[in-house]
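Worth knowing before you read on, the calculation uses all heavy atoms, side chains too, and leaves out hydrogens, waters and symmetry mates. In what follows, chains carry the letters A, B, and so on, assigned in the order in which the sequence lines appear, proteins first and then strands, with residues in each chain numbered from 1.
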Amino acid sequence: MKMVAPVLTVLAAILLLWYAATVWMNSQWTYDQAARAGEEVTFSELVTDTLTQKRPVLPAPHQVAVGLWEGVAGQKITSKRSLVFHGWITLSATLAGFALGTGLGILLAVGITHSRAMDLSVMPWAIASQTIPILAIAPMVIVVLASLGVTGLLPKAIIAAYLSFFPVLVGMVKGLRAPDHMQLDLLKTYNASQGATFWKLRLPSSMPYLFASLKVGVAASLVGTIVAELPAGATRGLGARLLSGSYYGQTVQIWSALFAAAALAAILVVVVGIIEQITLKRMGMVQ
Amino acid sequence: MSWLIFAIVFWLAAWALNTWLARHHGSERWARFLIPALFGITLLLLWEGLVRGLNISPVILPAPSQIAASLMASTAVLREDFVQTILKGALSGYVIGCGAAVVVAILIDRSPFLQRGLLPIGNFVAALPIVGIAPILVMWFGFDWQSKAAVVVVMVFFPVLVNMVAGLAATNALQRDLMATYSASYWQGLFKMRLPAAMPFLFNGLKIATTLALIGAIVAEFFGSPTKGMGFRISTAVGQLDLSLVWSEITVAALAGSGFYGLVALIEKLVTFWHPSQRART
């Protein structure tokens with residue numbers, strides 16, 4: 001509870017700074033308008049005008065809040081203007097990609113812990129693949145798959161999967177190697193097979209590591225999906241909202257899409273965290 | 001067809017060789033380079049064999065040899081894009097962002113109140129899809145590299161900040177007490193003890209930030225850029241179905257990314273030579 005006061009203070013400071021920046025950054029437009037009309041603006045007029053512009057350089061927090069509210073609750077959820085609609089498109093691709101990436105990461109991790117050849121040959125390349133700005137490939141994957149007749153959810157999911165597989169792989173390898181020698185030796189004295197060792201010792205002890213990386217992975221796959229929606233002229237999804245907002249100078253639309261994406265990421269991370277709590281509690285790993 | 005068979009035979013042979021190498025020479029130095037190298041070559045050959053053997057159109061997937069040819073043919077364009085995106089956009093943003101994060105971390109280190117407030121928010125922001133601010137920053141800072149640098153600054157700031165704050169807290173009470181018995185001032189304690197102790201954490205953040213910097217700079221170019229830059233080139237070349245040029249850009253991006261990461265890892269090795277994670281390897 002001693003976190004609450006500082007966090008609220010910092011948030012209030014951010015809001016205050018934001019309002020100040022809104023007035024400052026939008027003032028140019030107000031001054032230009034006034035100069036064109038041959039009028040003088042007083043300070044209070046300046047403030048009210050900068051906070052209510054239709055296409056501000058920086059929208060005020062309450063404008064973004066209104067935009068978000070209109071987008072979420074003010075539309076039918078099937079409408080093209082509804083953020084729920086676009087958010088669902090993005091979310092479905094994110095979840096599909098996250099599932100794919102997690103599956104791939106776990107499979108590779110199992111292979112790496114059980115085969116020395118795979119450990120030595122795959123692991124360096126998995127690490128090297130992450131130094132590549134993979135999002136550069138996103139537009140190409142989309143176009144190529146579209147030319148093959150694959151459109152919609154799958155291309156985006158592939159990019160999301162690529163971004164989420166690496167954290168899962170690294171965490172899972174670490175987790176599967178987490179049991180110490182004493183435990184492994186004990187199973188050896190029981191004459192346990194490799195399969196039994198895996199199911200009864202390695203897999204359970206890897207769970208905390210797995211969930212830690214799942215939290216990173218789910219956020220990464222959302223980023224992947226949003227970026228995948230940018231370049232191919234997609235018209236649906238939060239990324240497409242960002243892009244069309246930037247084409248038409250609809251700043252409030254950009255900011256609401258951005259906040260919707262942020263909220264989605266936060267919700268996903270929290271959901272994974274809750275599943276982690278429940279699982280670890282049932283396994284007796286946390287109280 | 002013969003290409004396909006050759007590639008598959010080569011794949012099986014390399015696989016067998018790698019398994020044998022890993023079993024018998026797995027702990028030797030040369031094998032640790034040879035095995036991944038062999039794996040990479042196998043992937044390239046398999047790719048080449050599949051493209052040639054199955055007659056895949058270069059509009060869908062060009063073969064590695066075609067990519068290499070295009071790489072050689074368009075060096076001037078590639079160099080221009082490299083300078084625009086990596087050197088101007090990513091690198092300047094990286095330096096500014098990481099520098100600002102370190103300074104802010106030291107500033108908030110003096111205030112536990114600010115630390116408790118800022119860290120949860122910093123952690124939260126670090127998990128958000130920050131690339132989304134690219135259209136806004138492009139609108140504010142114009143189409144040239146300044147807006148890309150700004151995107152990179154925002155993207156790298158929070159991971160580095162969170163790591164640096166954790167690093168500054170990494171000394172234990174015993175060590176701090178020792179500094180107190182020496183009657184060291186705050187700044188002496190900071191420079192002689194806590195900053196060195198924070199280095200492993202800082203470099204962890206810096207390494208994460210290298211990839212983020214490249215991603216930020218390239219993605220920001222999708223929202224508008226002058227007629228050069230890697231992101232711009234990729235999106236226009238895809239439109240013209242010139243996929244070997246796209247793959248050349250990706251190769252350059254991959255090399256630049258790996259080189260950048262390697263450079264930071266090398267500096268880390270030199271700076272934190274005393275840390276267990278560095279000593280264990282030799």
Side-chain angles (χ1 to χ4, degrees), chain A residues 2-3 5-11 14 25 57-58 115-125 128-140 142-144 147-148 215-216 219 222-223 226-227 230-232 238-239 242-243 245-246 249 251 254-255 257-258 261-262 264-266 269, chain B residues 15 18-23 26 31-32 35-36 38-40 43 59-61 113-118 120-121 124 127-136 138-140 210-211 214-215 217-219 222-224 230-231 234-235 238-239 241 243 246-247 249-250 253-254 257-258 260-262:
Chain A
K2 67 178 181 181
M3 301 265 286
V7 169
L8 286 181
T9 315
V10 171
L11 278 179
I14 290 173
M25 292 189 69
V57 180
L58 173 68
S115 149
R116 183 135 177 81
M118 253 184 103
D119 179 19
L120 287 174
S121 53
V122 176
M123 203 59 188
W125 287 101
S129 77
Q130 294 305 304
T131 63
I132 302 168
I134 194 64
L135 292 175
I137 302 189
M140 199 190 46
I142 305 260
V143 169
V144 166
S147 74
L148 291 176
K215 279 191 238 171
V216 179
L222 183 69
V223 173
I226 288 177
V227 172
L230 296 180
L238 292 175
L242 285 176
L243 196 64
S246 99
T251 31
I254 301 180
W255 282 87
L258 193 61
L264 200 56
V269 173
Chain B
W15 186 0
N18 260 354
T19 316
W20 181 80
L21 277 174
R23 191 158 299 158
R32 288 184 171 261
I35 293 172
L38 211 56
F39 183 73
L43 281 187
V59 174
I60 292 173
L61 187 68
F113 181 79
L114 212 56
Q115 243 184 66
R116 280 208 298 274
L118 218 76
I121 294 177
F124 176 70
L128 298 181
I130 305 185
V131 211
I133 56 158
I136 297 159
V138 169
M139 211 176 273
W140 288 356
T210 54
T211 334
L214 290 196
I215 289 177
I218 291 177
V219 170
F222 294 150
F223 288 101
M230 304 177 92
I234 288 172
S235 50
V238 162
L241 292 180
L243 281 205
V246 177
W247 278 100
E249 288 283 354
I250 290 169
S258 310
F260 192 10
Y261 184 91

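Taking the side chain to side chain contact (heavy atoms under 4.5 Å, CB included) definition, one finds that Ile133(B) meets it with Leu258(A), Ile130(B), Leu137(B), Val154(B), sequence neighbours left out. Taking Trp20(B) as the reference, His24(B), His25(B) meet the ring pair (Phe, Tyr, Trp, His ring centres under 6.0 Å) condition, with sequence neighbours excluded.
The minimum heavy-atom distance linking Val7(A) with Ile121(B) is given by the pair O-CD1, 4.0 Å. When all heavy atoms are compared, the tightest approach of Phe113(B) to Pro6(A) is O-CB, 3.4 Å.
Contact annotation for Leu58(A): both backbone and side-chain heavy atoms come within less than 4.5 Å of a heavy atom of chain B. With a threshold of 4.5 angstrom between heavy atoms, Leu11(A) approaches chain B through its backbone and through its side chain.
The closest side-chain heavy-atom distance from Arg116(B) to Val10(A) is not below 4.5 Å.
Most heavy-atom pairs under 4.5 Å with chain A: of the set Ile136(B), Leu43(B), Leu118(B), Leu114(B), this distinction falls to Ile136(B). Counting heavy-atom pairs closer than 4.5 Å to chain B, the top-ranked of the candidates Leu222(A), Thr9(A), Val216(A) is Thr9(A).
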